[in-house]
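To keep things clear, I will list the structure first and then write my remarks on it.
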2 protein chains.
Amino acid sequence: MNKIICEVEQKLRAGDYKLTPRREHILRVILQNKDKHLSAEEVYNLVKRRVPDVGLATVYRTLEIFQDLDVIHSIDFGDGRKRYEFGGEPGEGHHHHHLICTGCGKIIEVNEDLLEELESRVTSAYDFTITDHELKFFGYCRDCKQQKNKQP
Amino acid sequence: MNKIICEVEQKLRAGDYKLTPRREHILRVILQNKDKHLSAEEVYNLVKRRVPDVGLATVYRTLEIFQDLDVIHSIDFGDGRKRYEFGGEPGEGHHHHHLICTGCGKIIEVNEDLLEELESRVTSAYDFTITDHELKFFGYCRDCKQQKNKQP
DNA sequence: TTCTCTGCAAACAGTTTGCAATCCT
DNA sequence: AGGATTGCAAACTGTTTGCAGAGAA
């Protein structure tokens, strides 16, 4: 984890920013909750536990910087707020998709890409240079599916 | 088009709503701009041309009703407001994806689905019942690609 | 000092809601 | 009359911004 923090520090320096204590706390919270897709406010609350006097604005500003530097990126699950994932979204590899359970709101990650064929088809058919994509599946997870079957 | 309006009227009645003049105007604006992905405010402005005293709240309320009845559905292109497309999103057919140009913001529709294989893989691997999906490609359209090449 | 960073409060944008007036039957 | 519908203004939510103070080099 410290390695990651160092890398982020490099990126910040490269962009003429410093890794201040506040920013490091924010980064740590994101890293410690990699799987959670935290919203800005959730990050804020978690940071606040350790640094009670952070301001929400600082969290927003830091998240914006992190985004610009491709340290994190935002996704929208349709709940009206942005959520953040560690990792930028440069074209190469590491893509994953999300399954969003309409029943309980759970979010499951799919760590496969599998869109290459479709991408290349789109690229040539529409003369469109793809730099990124976002794929969400909506439906019911195992638990919610079972509940649905029980009720009626 | 009148046929569609009648169908919507049926749906409204079934849900204990009426097709009021206001709602009909809103519906017409949506139908006349099927390809535009209008936001609530854009719908409002267009309706206002014909019925200057509509209220924005009515547009929002109507859009919500239409959504509940699967007459329209909303998409999020990441510009901070919901946009609406005619047509519900029930599992069957008619799916399409969107190409979003990072350069000019243009939105191109891809009228192919092509996700069946991926869907079935996800369904079995994660025990997740898919009811819908949403796929967006980000990148540069032909025009913006050319401009990028010229500038440097 | 000088320049970044920060907290606070105010401003914003999109959307929702309470309420009284209006419409329709 | 009675219930749905509407416009208006106010409220709300998530996010951004102006500013003056704090902090670091």
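Order of the sequence lines fixes the chain letters, A, B, ..., with proteins taken first and strands second; residue numbering starts at 1 for each chain.
- Looking only at atom types and distance, the side chain of His97(B) has no donor-acceptor partner in the side chain of Glu109(B) under 3.5 Å away.
- One atom, CD1 of Ile65(A), and another, P of dC5(C), lie 6 Å apart when rounded to the nearest Å.
- At most 12 non-hydrogen atoms from other residues, nucleotides or ligands lie less than 6.0 angstrom from CD of Glu117(B).
- In this structure, CD of Glu64(B) is placed 10 Å from C1' of dT15(C), rounded to the nearest angstrom.
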(request) Go through the steps for Arg83(A) and Ser74(A) under the test side-chain contact (heavy atoms from CB on, under 4.5 Å), then give the verdict. (result) CA-CA 5 Å; Arg83(A) 297 184 166 275; Ser74(A) 74; over 6 Å; no

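- Distance from the side chain of Lys82(B) is smallest to dT15(C) among dC5(C), dC8(C), dT15(C).
- For dG7(C), the base has a donor-acceptor partner in the side chain of Arg61(A) [N/O atoms by modelled type, under 3.5 angstrom].
- Residue Asp53(B) is in sugar-phosphate contact alone, with no base atom involved, counting any heavy-atom pair closer than 4.0 Å across all strands shown.
- Mapped onto DNA chain C by nearest heavy atom, Ser39(B) and Lys18(B) fall at different nucleotides, with Ser39(B) at the one closer to the 5' end.
- If you measure from atom OH of Tyr60(B) to atom C1' of dT15(C), you get 5 Å, rounded to the nearest angstrom.
- When each of Pro21(B) and Glu41(B) is assigned the nucleotide of DNA chain C with its nearest heavy atom, Glu41(B) is the one assigned upstream, toward the 5' end.
- Not one side-chain nitrogen or oxygen of Thr20(B) sits closer than 4.0 Å to the OP1 or OP2 atom of dC23(C).
- In this structure, CG of Leu56(A) is placed 10 Å from P of dG7(C), rounded to the nearest angstrom.
- Straight-line distance from the CZ atom of Arg13(A) to the P atom of dC3(C): 19 Å, rounded to whole Å.
- Identified under the side chain to side chain donor-acceptor pair (under 3.5 Å) test for residues 1-11 of chain B, with sequence neighbours left out: Glu9(B)-Arg13(B).
- Between the side chain of Thr131(B) and the backbone N or O of Phe138(A) there is at least one donor-acceptor pair closer than 3.5 Å.
- A salt bridge between Arg81(B) and Asp76(B) is absent, with no side-chain N of the basic residue lying under 4.0 Å from a carboxylate O of the acidic one.
- Between Lys136(A) and Glu134(A) there is a salt bridge, since a side-chain N of the basic residue sits under 4.0 Å from a carboxylate O of the acidic one.
- Note: CZ (Arg81(B)) to P (dT16(C)) measures 14 Å, nearest angstrom.
- Mapping heavy-atom proximity under 4.0 Å, the span of DNA chain D touched by chain B runs 5' to 3' from dA4(D) to dC8(D).
- For the pair Ala57(B) and Arg23(B), both in contact range of DNA chain D, the more 5′-proximal nearest nucleotide belongs to Arg23(B).
- Tyr44(A) places its OH atom 9 Å from the C1' atom of dG7(C), with the value rounded to the nearest Å.
- Summarising the geometry, the separation between CD on Glu42(B) and P on dA13(C) is reported as 16 Å, rounded to the nearest angstrom.
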